[in-house]
2 protein chains.
Amino acid sequence: MEYNLDNTINHRIATLAILLKRQVYRIIAENNLEITPEQWVIMYYLWKENGLSIGEIAAKSKKDFGNVTRIIDKLEKLEYVNKRKNDKDSRIINIYLLPKAEDIKEPITKCWEKSTNITLKGISDSEQEILLNILNKIENNILENLE
Amino acid sequence: MEYNLDNTINHRIATLAILLKRQVYRIIAENNLEITPEQWVIMYYLWKENGLSIGEIAAKSKKDFGNVTRIIDKLEKLEYVNKRKNDKDSRIINIYLLPKAEDIKEPITKCWEKSTNITLKGISDSEQEILLNILNKIENNILENLE
DNA sequence: TTGTTTTATTTGTCATGACAAATATTTAAA
DNA sequence: TTTAAATATTTGTCATGACAAATAAAACAA
């Protein structure tokens with residue numbers, strides 16, 4: 001084989017993402033929380049700015065529009081959020097956090113921190129900074145290309 | 001919010017992986033190839049070592065056992081591989097590449113290279129090396145933790 | 001040899017990627 | 001104003017994550 005996939009950055013990132021997902025799922029399960037990592041990400045953006053529209057959430061989270069719709073539907077069933085039509089433009093649906101969301105905020109954030117701590121064991125602050133910088137560049141490269 | 005998800009390495013890797021997946025899917029579609037990135041990854045390991053068992057492929061690719069079974073089933077339908085029971089231990093299924101696999105080898109490898117080139121635009125060799133090193137450390141941290 | 005444990009694979013179910021087509025509403029153009 | 005184009009969301013379908021339970025065969029123990 002001319003070419004070593006395991007030294008390819010794209011493939012390493014894809015593999016790492018799978019492992020990270022597995023890790024977070026398990027930590028969440030150990031803590032008996034009723035939420036998934038992806039659901040949490042969306043709630044995170046709502047905690048930062050309650051009432052975002054589906055489109056805004058999709059843009060911020062870089063998720064597919066349709067997938068966001070479905071994740072929101074699940075969050076609605078779990079009673080973490082509700083949907084409300086925008087008064088001025090009824091094409092737009094705004095999403096609002098419900099009280100039950102508050103219950104899960106601290107424990108799920110702790111799960112995330114736990115996962116991050118495992119990930120970063122033995123990696124210095126300066127390495128982390130370098131890593132984030134390079135990851136930023138890569139993300140910009142991809143976004144530029146995807147338009 | 002006490003805490004900025006967008007500066008979290010775990011989250012950045014997860015997001016990047018989504019964007020990378022989208023990018024590769026599109027490149028593959030532009031080239032009208034009948035394969036997915038995950039299917040390709042499995043074929044890559046077979047090109048390196050034809051006849052691997054499902055379990056070996058799962059271990060090498062770090063994918064879930066059951067998911068590998070299903071990806072192999074699809075590769076079989078596409079006539080890229082076939083399954084053969086191991087003579088000595090009939091619990092084991094070995095997977096062998098078929099001639100049709102050869103047709104796709106070069107074009108799909110090119111797609112992957114194209115995607116990698118987009119990703120790495122403006123990132124120096126030394127940065128790439130540093131990045132791979134840190135990603136290795138992270139992967140080891142996670143694997144250690146998952147057992 | 002028979003019963004138990006381990007190992008390899010399959011299958012079931014749910015969540016979320018991907019893309020495309022359908023719907024509804026608003027904006028812009030004729 | 002009526003029609004066409006653009007925008008926001010939903011829905012459909014497939015592929016692949018996750019985990020758990022089921023099946024089949026081999027290895028080990030009694």
Side-chain angles (χ1 to χ4, degrees), chain A residues 13-30 32-42 52-59 61-78 83-95 115 146, chain B residues 13-30 32-42 52-59 61-78 83-95 115 146:
Chain A
I13 291 174
T15 306
L16 252 189
I18 291 177
L19 296 175
L20 277 170
K21 193 175 193 177
R22 206 175 292 166
Q23 178 175 275
V24 188
Y25 263 99
R26 290 196 189 166
I27 293 173
I28 291 175
E30 281 164 17
N32 303 305
L33 299 180
E34 210 180 17
I35 195 166
T36 68
E38 284 82 8
Q39 288 165 11
W40 180 64
V41 167
I42 285 181
L52 288 171
S53 72
I54 304 222
E56 287 168 331
I57 293 171
S61 65
K62 285 159 190 96
K63 288 182 186 296
D64 177 86
F65 221 101
N67 293 334
V68 171
T69 297
R70 278 178 276 236
I71 295 174
I72 297 282
D73 288 345
K74 273 157 206 155
L75 287 173
E76 210 181 4
K77 272 199 196 102
L78 290 164
K83 295 171 161 188
R84 215 181 303 157
K85 272 206 174 169
N86 188 290
D87 293 331
K88 301 204 176 126
D89 182 342
S90 62
R91 288 173 306 183
I92 298 174
I93 311 256
N94 296 104
I95 313 298
S115 176
L146 289 173
Chain B
I13 291 174
T15 306
L16 252 188
I18 292 178
L19 295 176
L20 277 170
K21 193 175 193 177
R22 206 175 291 165
Q23 178 174 274
V24 188
Y25 262 98
R26 291 196 188 166
I27 293 172
I28 292 175
E30 280 164 18
N32 303 304
L33 299 180
E34 211 181 17
I35 195 166
T36 67
E38 283 81 9
Q39 289 166 9
W40 180 64
V41 167
I42 286 181
L52 288 171
S53 71
I54 304 223
E56 288 168 330
I57 293 171
S61 65
K62 285 159 191 97
K63 288 182 187 296
D64 177 85
F65 221 101
N67 293 334
V68 171
T69 297
R70 278 178 275 235
I71 295 175
I72 297 283
D73 288 346
K74 272 159 206 155
L75 287 173
E76 211 181 4
K77 274 199 196 103
L78 290 164
K83 295 171 163 188
R84 215 181 302 157
K85 272 206 173 169
N86 189 291
D87 292 332
K88 302 203 176 127
D89 183 342
S90 63
R91 289 173 306 184
I92 298 174
I93 313 255
N94 296 105
I95 312 298
S115 176
L146 289 173

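Protein chains get the first letters and strands the later ones, always in sequence-line order, with residue 1 at the start of each.
The NZ-P distance, from A/Lys21 to D/dC19, rounds to 10 Å in whole Å. When rounded to the nearest whole Å, the span between CD1 of B/Ile72 and P of D/dT16 equals 11 Å. Between B/Asn86 atom CG and C/dT9 atom P there is a gap of 9 Å when expressed in whole angstrom units.
In terms of position on DNA chain C, the residue among B/Asp73 and A/Glu38 whose nearest nucleotide sits closer to the 5' end is B/Asp73.
Residue B/Thr36 has its side chain nearest to D/dA15 when only D/dA15, C/dA18, D/dC19 are considered. Side-chain atoms of B/Lys74 lie closest to D/dT16 of the nucleotides C/dT10, D/dT10, D/dT16. The listed nucleotides are C/dA18, D/dA18, C/dT10; the one nearest the side chain of B/Ile54 is C/dT10. Which of C/dG17, D/dT10, C/dT9 sits closest to the side chain of B/Ile93 comes down to C/dT9.
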For residues 65-72 of chain B, which side-chain donor-acceptor pairs fall under 3.5 Å, sequence neighbours excluded?
unit_1	atom_1	unit_2	atom_2	d
B/Thr69	OG1	B/Phe65	O	3.3

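The residue B/Gly66 sits close to a base: some heavy atom pair falls under 4.0 Å. Contacts of B/Lys62 with the nucleic acid, taken as non-hydrogen atoms under 4.0 Å apart, are absent.
For a distance-only test at 3.5 Å, the side chain of A/Arg70 fails to qualify as a donor-acceptor partner of the base of C/dG17.
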**Message:** Strictly under 4.0 angstrom, non-hydrogen atoms only: write out the protein contact profile of nucleotides 21-28 of chain C, one letter per nucleotide from the 5' end, B, S or -.
**Reply:** ----BS--

